[in-house]
Trainee: 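The structure is given below, and queries will be raised subsequently.
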2 protein chains.
Amino acid sequence: MTHLYEFARPALTVDIVVFGLDEEDLQVMLIQRDLAPFEGGWALPGGFVRVDETLDDAARRELVEETGLKDIYLEQLYTFGAVERDPRERVVTVAYYALVNLEGHHVQASTDARNAAWFPVSDLPELAFDHQAILDAAHERLRGKVRYQPIGFELLPERFTLRQLQHMYEVILDRELDKRNFRKKVLAMEIVKETKEIEKDVAHRAARLYRFDKRTYDRLTKQGFNFEI
Amino acid sequence: MTHLYEFARPALTVDIVVFGLDEEDLQVMLIQRDLAPFEGGWALPGGFVRVDETLDDAARRELVEETGLKDIYLEQLYTFGAVERDPRERVVTVAYYALVNLEGHHVQASTDARNAAWFPVSDLPELAFDHQAILDAAHERLRGKVRYQPIGFELLPERFTLRQLQHMYEVILDRELDKRNFRKKVLAMEIVKETKEIEKDVAHRAARLYRFDKRTYDRLTKQGFNFEI
DNA sequence: CCAAAAGTGTTTGTCCTACACCCATGT
DNA sequence: ACATGGGTGTAGGACAAACACTTTTGG
């Protein structure tokens, strides 16, 4: 292959911050490294970008390879290019964040070769490279974006109660919301639709289940509607 | 140098969308290419990232080299990684956008070797590579961000009239604003301060000049204040 | 004195906030 | 029957929108 310039090239990787939500906390998926540097330490899933795949493809491929997760919400976050961020050589990384619904299978979601696990964002181990900074950036982006884009639904099961929805916002925004006002606001926007189903196996009155109506959201958005919590 | 992996590496560049504002329009700085491909065509300023500089450094260096602009507002936008975006070989580019105050010297800001010029965003020539898509992304980011971060001031001179400020928002947001409500809102936030100076050389009543008070903005922000237009 | 833009107040409606009680269900 | 969370209404205040005239200055 001919090169366009004579200089040494930075290597290019992708790293992904995968967020999940359980009844308590916002969680992040980490991988235990099996190679130096930081051998045995925890890091974000990620890896090198191949010359024949897009950045999004690379992120999706690494996610499947390292965590088994596929078909989840994924969005590019920021590209980190500090010169010494990898002690071996110059590596620029395109960071992504992903949102996934944990449902039941929280706490430990390990896969094939490597050890993968969920950690609460509020209580993380020390991370390799500059991955803590990447995670902080992802967390901040999530906090900012969740308020004016309906991405929070990606963290919930397809059918959810209004309390689950409220809890999701409370965890991400890190403040309490008024139950009555929250319900009024959500139901006033017509994008969360009631279903006929109700919660199961709870030791009290069962809550109605709702779903996010993407079709209505898209229609309203085209008409100038702006989602906001 | 030892390489971490055997695969071919994508090349890495930065490209910068420089916005300026005059009395009429939002403008973008373009460079006329002197090499194939797209020889003679117009493109965003940019170039290869060196192995010993950060991405921000690369963007600033290219800006100085190709347009002469320095010490201006610069922010990373998005990283574009389509496989065929450069016909020669795989090139991933980290896009930035920059904001600059045109003051008097609009229209033609050419430099040393290359030909650089301002074009109104609403009437652009055909651009090389995927630069139109990059520009569109930058434009959309600017539209979104200008409403809740005080970055619009970067497009104005240090002392400006409230009409200039309003005009800046009208051009970027592409809608008219009510003069009285706009003034009330801006002056109610205490971050735009009156100066003792007034406009000069106008054939009618001269307007008072104002300045953005970053110190007050930072203080209020720390107290939970959220800028919004 | 005329043209051109600067500068200013009030009313109306909407939306956000704060707040407390009854309801349905499982044990 | 009781414990647990589900579900609802209202009043007050703050803010956004709509709207027109007077003032200042230069030519």
Side-chain angles (χ1 to χ4, degrees), chain A residues 21-24 146-148 156-157 159-171 173-211 220 223-229, chain B residues 21-24 146-148 150 152 156-157 159-171 173-211 220 223-229:
Chain A
L21 188 73
D22 67 12
E23 296 76 34
E24 307 283 307
V146 80
R147 278 180 42 208
Y148 62 94
L156 299 177
R159 308 285 163 115
F160 50 83
T161 66
L162 292 183
R163 180 165 288 281
Q164 278 180 294
L165 186 65
Q166 181 180 343
H167 175 248
M168 180 268 290
Y169 283 108
E170 288 180 334
V171 167
L173 300 177
D174 195 29
R175 65 189 159 97
E176 301 210 329
L177 302 173
D178 181 273
K179 181 167 63 155
R180 287 162 287 195
N181 294 336
F182 180 81
R183 291 171 157 255
K184 257 178 292 179
K185 186 164 192 170
V186 166
L187 295 177
M189 304 185 287
E190 297 164 278
I191 64 174
V192 170
K193 291 277 206 270
E194 188 174 304
T195 73
K196 284 167 190 157
E197 297 160 63
I198 55 168
E199 228 179 351
K200 285 190 132 176
D201 303 322
V202 287
H204 52 80
R205 175 172 176 182
R208 167 146 268 121
L209 294 176
Y210 292 79
R211 65 185 177 79
L220 292 175
Q223 294 167 21
F225 162 79
N226 280 315
F227 176 85
E228 192 180 340
I229 292 293
Chain B
L21 188 73
D22 67 12
E23 295 77 33
E24 306 283 307
V146 79
R147 279 181 41 209
Y148 62 93
L156 299 177
R159 307 285 162 117
F160 50 83
T161 67
L162 291 183
R163 178 164 290 282
Q164 278 180 295
L165 186 65
Q166 181 179 344
H167 175 249
M168 181 269 290
Y169 283 109
E170 288 180 334
V171 167
L173 300 177
D174 195 28
R175 65 189 160 96
E176 301 210 329
L177 302 173
D178 181 272
K179 180 166 65 155
R180 288 162 286 193
N181 293 336
F182 180 81
R183 290 171 156 256
K184 256 178 292 179
K185 186 163 193 171
V186 167
L187 296 177
M189 303 184 288
E190 297 163 279
I191 63 174
V192 170
K193 292 275 206 268
E194 188 174 304
T195 72
K196 283 168 191 157
E197 298 160 63
I198 55 168
E199 228 180 350
K200 285 188 132 176
D201 302 322
V202 286
H204 52 80
R205 175 173 176 181
R208 167 147 268 121
L209 294 176
Y210 292 79
R211 64 185 178 79
L220 292 175
Q223 294 167 19
F225 161 80
N226 280 313
F227 177 84
E228 192 180 340
I229 291 292

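All heavy atoms count here, side chains included; hydrogens, waters and symmetry mates do not. What you see is a predicted model, and the numbers here were worked out from it, not measured in a lab. To find a chain, count down the sequence lines: A is the first, B the second, and so on, and within it residues start at 1.
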Trainee: Using heavy atoms to find the nearest nucleotide of DNA chain D for Ala207(A) and Asn181(A) separately, return the residue whose nucleotide is more 5′.
Mentor: Ala207(A)
Trainee: Look at the side-chain N and O atoms of Arg180(A) and state whether any lies under 4.0 Å from the OP1 or OP2 oxygen of dA18(C).
Mentor: no
Trainee: Specify the residue among Val202(A) and Lys184(A) whose closest nucleotide of DNA chain C lies further upstream toward the 5′ end.
Mentor: Lys184(A)
Trainee: Roughly, in whole Å, what's the span from OH in Tyr210(B) to C1' in dG7(C)?
Mentor: 9 Å
Trainee: Would you mind reading off the distance between Gln166(A) atom CD and dG7(D) atom P, rounded to a whole angstrom?
Mentor: 12 Å
Trainee: Please state whether the base of dT23(D) and the side chain of Arg205(B) form at least one donor-acceptor pair under 3.5 Å?
Mentor: yes
Trainee: How many Å lie between CD on Glu199(B) and C1' on dG26(D), as a whole number?
Mentor: 12 Å
Trainee: Are any of the side-chain nitrogens in Glu170(B) or Arg175(B) under 4.0 Å away from the carboxylate oxygens of its partner?
Mentor: no
Trainee: Whole angstroms only, please: what is the CG-P distance between Asp201(B) and dA4(C)?
Mentor: 18 Å
Trainee: Is the number of heavy atoms from other residues, nucleotides or ligands under 6.0 Å of Gln223(A) CD greater than 12?
Mentor: yes
Trainee: Quick check: are there more than 12 heavy atoms from other residues, nucleotides or ligands sitting under 6.0 Å from CZ of Arg159(A)?
Mentor: yes
Trainee: Mind calculating the distance between CG (Asp178(A)) and P (dC16(C)) to the nearest angstrom?
Mentor: 13 Å
Trainee: Which whole-number value in Å describes the distance from Leu209(B) CG to dA6(C) C1'?
Mentor: 13 Å
Trainee: Would one find more than 12 heavy atoms of other residues, nucleotides or ligands at under 6.0 Å from atom CZ of Arg211(A)?
Mentor: yes
Trainee: For Arg147(B) and dA16(D), what is the distance between atoms CZ and C1' respectively, to the nearest whole Å?
Mentor: 13 Å
Trainee: Is a side-chain N or O of Gln166(A) found less than 3.5 angstrom from the main chain of Leu177(A), in a donor-acceptor match?
Mentor: yes
Trainee: Side chain of Ala203(A), heavy atoms from C-beta onward: which of dT27(C), dG5(D), dA6(C) has the nearest atom to it?
Mentor: dT27(C)
Trainee: Judged by each residue's nearest nucleotide on DNA chain D, which is more toward the 5′ side, Lys179(A) or His204(A)?
Mentor: His204(A)
Trainee: Whole angstrom is fine here: how far is it from CD in Glu176(B) over to C1' in dA18(D)?
Mentor: 14 Å
